[in-house]
*Asks:* 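Questions regarding the structure given below will be posed in turn.
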Amino acid sequence: MQSIGTFKERENDFLCSIFYGKWPNIFILWYDEPKKPEDMVAFFRKHPFLFNILCWVIYVQFVYIYNLPKIDHVDYFHIIGLCFLYAIVFYSNFFLFKFIENRKTNLGTVILMIASVFFTLAALGYLAVYNVFPLFGIRLYYEGVPFTISLYLRNILSPYIKYASYAIILYFVLKWFADLAYKRRMEKAHYEMEREKFEYEQAFLRAQVNPHFLHNTLNFIYTEALALSKSLAESIYLLSIMMRYSLDNAIKGKQLVPVHKELEYLEIYLEINRRRFGGGKQFHYEFNGDPYLHSIPPLSFITLVENAFKYGDLSDPMYPLQIKIAVDRNRIYFYCTNKKRGAGKLDTSANHIGLKNVERRLKGAFRERATMTRTEEDNTYTVELFIDFLDNPK
């Protein structure tokens, strides 16, 4: 004996199969037919043409049923012909109003356009009613009544105003929903920005070290190291300079620094790694142009190079890290390529975070003028940065 719950489950399955199950073949034009209510909404958003057809099919049935008790003999095809004309009026005015609002035209032009659309549709309606529809057995006029232009225009004016009003009302309703959705997206984006800013601030506070204390301590260690090893003292001094550049820009929140200053500290960073690894890391650095022409977000070049040192295999003399930077009046070009490490040698779960941060800061400073591309091949990983300072960047 089956339980009541089993019958309810079967009832739910039956209802779902009716309302959200397989659709008629006329609607199955894609392989994403809806199977759940939320899928149905997404389906019609993706295919608005089908949604409009479905609405008009339902409306035709409504008009037909509504007129059955009023007219002795209601021809279904006559109703289809009428609704076809109503649909043309509806969509013509909908897109006309959308065009008018987007173009911000003056009142005289608006009146002229509305009148032009009305008379154009009136002429097309005449051709359809008196020439095209009769070929299919659809007669929407009385044969015994003589045709006059004034009578014809009076007869079509009322339904025209009716469906034009429907179009305008729908336009404002859709516009209200679109504005509401846009406002919600902006609020969500603002919330995400605030949350991300808060997380960055918290992470910075957790990792913050008093820069003056750190710099003074490194200077003290540098002084003490002079008595032991000049090379060691110079390395500590370079590290002190590098740390001050990083901390000063993080704390002061500088948006841009001159390119020559970024290059100066990039060379210090490379010198530190040269001293640190000796001949264990193979890299080649090349700069061409004038470093005093432009400015960039601080630590941009250094972060990109640091990413190569952190994740690349720089021990192969045949595949050294190659860094090329070119600056002229119209552009900044950065190129960095390195050999990839073998699989399983490095946890890359946090990879590319620094690159994404650089890309975001560049977009904030230069918008569409800055383009950063990352190319990953079998053995190499390449990052290219291009900043265009022409008057009309692509």
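Just so it is clear, the values below take in all heavy atoms, side chains as well, and ignore hydrogens, waters and symmetry mates. Position 1 is the first residue of the sequence, and the numbers go up from there.
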*Asks:* Would a 4.5 Å heavy-atom cut-off, applied to side chains only, mark Leu266 and Val305 as touching?
*Replies:*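 Leu266 reaches Val305 side chain to side chain.
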*Asks:* Write out all pairs satisfying salt bridge (charged side-chain N to carboxylate O under 4.0 Å, His left out) with one or both partners inside residues 181-192, taking only residues at least two apart or from two chains.
*Replies:*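 Listed by first then second residue: Glu192-Arg195.
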*Asks:* Does the plane of the ring in Tyr269 sit parallel, tilted or perpendicular to the ring in Phe309? Use 30° and 60° as the thresholds.
*Replies:*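 It falls in the perpendicular class, over 60°.
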*Asks:* Going through the checks in order, is the side-chain contact (heavy atoms from CB on, under 4.5 Å) test met by Tyr245 and Val257?
*Replies:* CA-CA 11 Å; Tyr245 180 65; Val257 296; 3.5 Å; yes
*Asks:* With rounding to the nearest 0.5 angstrom, report the CG to CG distance, Leu270 to Leu263.
*Replies:*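 The distance works out to 10.5 Å.
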*Asks:* Say whether Ile80 and Val89 are linked into one hydrophobic cluster, either directly or through other cluster members, by side-chain heavy-atom distances under 4.5 angstrom.
*Replies:*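 Same cluster.
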*Asks:* Start with the C-alpha distance between Thr375 and Thr382, add both sets of side-chain angles, then the distance that settles side-chain hydrogen bond (donor to acceptor under 3.5 Å, both in side chains), and finish with yes or no.
*Replies:* CA-CA 5 Å; Thr375 306; Thr382 303; 5.8 Å; no
*Asks:* For Tyr319 and Asp313, run side-chain contact (heavy atoms from CB on, under 4.5 Å): C-alpha distance rounded to whole Å, both residues' side-chain angles, the deciding distance at 0.1 Å, then the answer.
*Replies:* CA-CA 8 Å; Tyr319 293 94; Asp313 179 6; over 6 Å; no
*Asks:* Is Ile156 reachable from Leu121 through a run of I, L, V, M, F, W or Y residues, each pair having side-chain heavy atoms under 4.5 Å apart?
*Replies:*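 Yes; Ile156 is reachable from Leu121 via cluster members.
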*Asks:* Has Arg361 got a side-chain atom pairing as donor or acceptor with Pro298's backbone, closer than 3.5 angstrom?
*Replies:*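 Yes, because the side chain of Arg361 sits within donor-acceptor range (under 3.5 Å) of the backbone of Pro298.
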*Asks:* Following the transitive rule for hydrophobic clusters with a side-chain heavy-atom cut-off under 4.5 Å over Ile, Leu, Val, Met, Phe, Trp and Tyr, establish whether Ile149 and Leu157 coincide in one cluster.
*Replies:*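 Yes, Ile149 and Leu157 fall within the same hydrophobic cluster.
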*Asks:* Just list the side-chain donor-acceptor pairs under 3.5 Å for residues 112-119, sequence neighbours left out, or say none.
*Replies:*
from   : atom 1 : to     : atom 2 : distance (Å)
Ser116 : OG     : Leu112 : O      : 2.7

*Asks:* Using side-chain contact (heavy atoms from CB on, under 4.5 Å), reason through Cys83 and Tyr59 one step at a time and then give a plain yes or no.
*Replies:* CA-CA 8 Å; Cys83 289; Tyr59 185 72; 4.0 Å; yes
*Asks:* Salt bridge between Glu234 and Arg275, side-chain N to carboxylate O under 4.0 Å?
*Replies:*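 A salt bridge links Glu234 with Arg275.
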*Asks:* How many angstroms lie between CD in Glu359 and OG1 in Thr371, if you round to the nearest 0.5 Å?
*Replies:*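 One gets 9.0 Å once the value is rounded to the nearest 0.5 Å.
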*Asks:* Could you walk me through whether Arg274 and Glu271 pass the salt bridge (Lys or Arg N to Asp or Glu O under 4.0 Å) check?
*Replies:* CA-CA 5 Å; Arg274 185 179 291 110; Glu271 178 61 26; 2.8 Å; yes
*Asks:* Quick check against the 3.5 Å criterion: does Glu262 have a side-chain atom that pairs as donor or acceptor with the backbone of Pro258?
*Replies:*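 Absent.
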*Asks:* Determine whether a donor-acceptor pair (N or O, by modelled atom type, separation under 3.5 Å) exists between the side chain of Glu286 and the backbone of Ile325.
*Replies:*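 Not confirmed, Glu286 side chain does not pair with Ile325 backbone.
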*Asks:* Verify the neighbour count for atom CE of Met193: are there more than 12 heavy atoms of other residues, nucleotides or ligands below 6.0 Å?
*Replies:*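 Not buried by this count: 12 neighbours or fewer within 6.0 Å.
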*Asks:* So how far is it from Leu238 CG to Ile272 CD1, rounded to the nearest 0.5 Å?
*Replies:*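 Between Leu238 CG and Ile272 CD1, I get 5.5 Å after rounding to 0.5 Å.
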*Asks:* When rounded to the nearest 0.5 angstrom, what is the spacing between CD1 in Ile268 and CD1 in Ile302?
*Replies:*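 Those atoms lie 8.5 Å apart.
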*Asks:* Is it possible for you to check whether Lys175 lies under 6.0 Å from the centre of the six-membered ring of Phe172, through NZ or CZ, and within 45° of that ring's axis?
*Replies:*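 No, cation not above the ring by the 6.0 Å, 45° rule.
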*Asks:* Does Leu85 form a side-chain contact (heavy atoms from CB on, under 4.5 Å) with Val129? I'd like the steps, not just the answer.
*Replies:* CA-CA 9 Å; Leu85 296 177; Val129 171; 3.8 Å; yes
*Asks:* Would you say OH of Tyr91 has more than 12 non-hydrogen atoms from neighbouring residues, nucleotides or ligands within 6.0 angstrom?
*Replies:*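 Above 12, so yes.
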*Asks:* Do the side chains of Tyr182 and Tyr191 join up, straight or via other hydrophobic residues, at under 4.5 Å, putting them in one cluster?
*Replies:*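 No: no chain of side-chain contacts under 4.5 Å links Tyr182 to Tyr191.
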*Asks:* Can you list, by chain and residue number, the hydrophobic cluster partners of Tyr333 when the side-chain cut-off is 4.5 Å?
*Replies:*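 Cluster partners of Tyr333: Tyr335, Phe386.
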*Asks:* Do the ring planes of Phe94 and Phe90 sit parallel (below 30°), tilted (30 to 60°) or perpendicular (above 60°)?
*Replies:*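 Parallel.
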*Asks:* Does Ile296 belong to the same Ile/Leu/Val/Met/Phe/Trp/Tyr cluster as Tyr292, with side-chain heavy atoms less than 4.5 Å apart forming each link?
*Replies:*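 Hydrophobic grouping puts Ile296 apart from Tyr292.
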*Asks:* Got Phe334 and Cys336 here, is their nearest side-chain heavy-atom distance under 4.5 Å?
*Replies:*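 When only atoms from C-beta onward are counted, Cys336 and Phe334 do touch, with a gap below 4.5 Å.
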*Asks:* Can you sort out the partners of Asp328 under salt bridge (Lys or Arg N to Asp or Glu O under 4.0 Å), two or more places apart, ordered by chain and number?
*Replies:*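 Per chain and number, Asp328 pairs via salt bridge (Lys or Arg N to Asp or Glu O under 4.0 Å) with Arg331.
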*Asks:* Check whether any side-chain heavy atom of Asn379 sits under 4.5 Å from a side-chain heavy atom of Lys340, and report yes or no.
*Replies:*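 No, too far: nothing below the 4.5 Å cut-off.
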*Asks:* With no hydrogens and no angle check, is any side-chain donor or acceptor of Lys339 less than 3.5 Å from a backbone partner on Leu314?
*Replies:*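 Checking the backbone N and O of Leu314 against the side chain of Lys339, no donor-acceptor pair under 3.5 Å is found.
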*Asks:* Please identify each residue that fulfils salt bridge (Lys or Arg N to Asp or Glu O under 4.0 Å) with Lys324, with sequence neighbours left out.
*Replies:*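 Result, salt bridge (Lys or Arg N to Asp or Glu O under 4.0 Å) vs Lys324: none returned.
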*Asks:* Any donor and acceptor pair, going by atom type alone, linking the side chain of Arg374 with main-chain N or O of Val383 inside 3.5 Å?
*Replies:*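 Such a contact is absent between Arg374 side chain and Val383 backbone.
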*Asks:* Decide if atom CZ of Phe287 counts as having more than 12 heavy atoms of other residues, nucleotides or ligands within a radius under 6.0 Å.
*Replies:*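 Correct, the count exceeds 12.
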*Asks:* Please tell me whether Tyr311 and Glu306 have a donor and an acceptor in their side chains that are separated by less than 3.5 angstrom.
*Replies:*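 No donor-acceptor contact under 3.5 Å links the two side chains.
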*Asks:* Measuring from atom CD1 of Ile236 to atom CD1 of Ile241, what distance do you get when rounded to the nearest 0.5 angstrom?
*Replies:*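 One finds 12.5 Å between CD1 of Ile236 and CD1 of Ile241.
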*Asks:* Strictly distance-based, threshold 3.5 Å: is any side-chain N or O of Thr380 a donor or acceptor partner for the main-chain N or O of Glu377?
*Replies:*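 Judged by distance alone, no pair lies under 3.5 Å.
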*Asks:* At what distance, to the nearest 0.5 angstrom, does CG of Leu304 lie from CG of Leu299?
*Replies:*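 So the gap between those two atoms works out to 10.5 Å.
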*Asks:* Each residue besides Ile169 in its hydrophobic cluster should be listed here, by chain and number; the cluster joins Ile, Leu, Val, Met, Phe, Trp and Tyr at side-chain heavy-atom distances under 4.5 Å.
*Replies:*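 Joined to Ile169, directly or through intermediates: Val173, Trp176, Phe177, Leu180.
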*Asks:* Can we call the ring centroids of Tyr163 and Tyr166 under 6.0 Å apart?
*Replies:*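 That pair passes the under 6.0 Å test.
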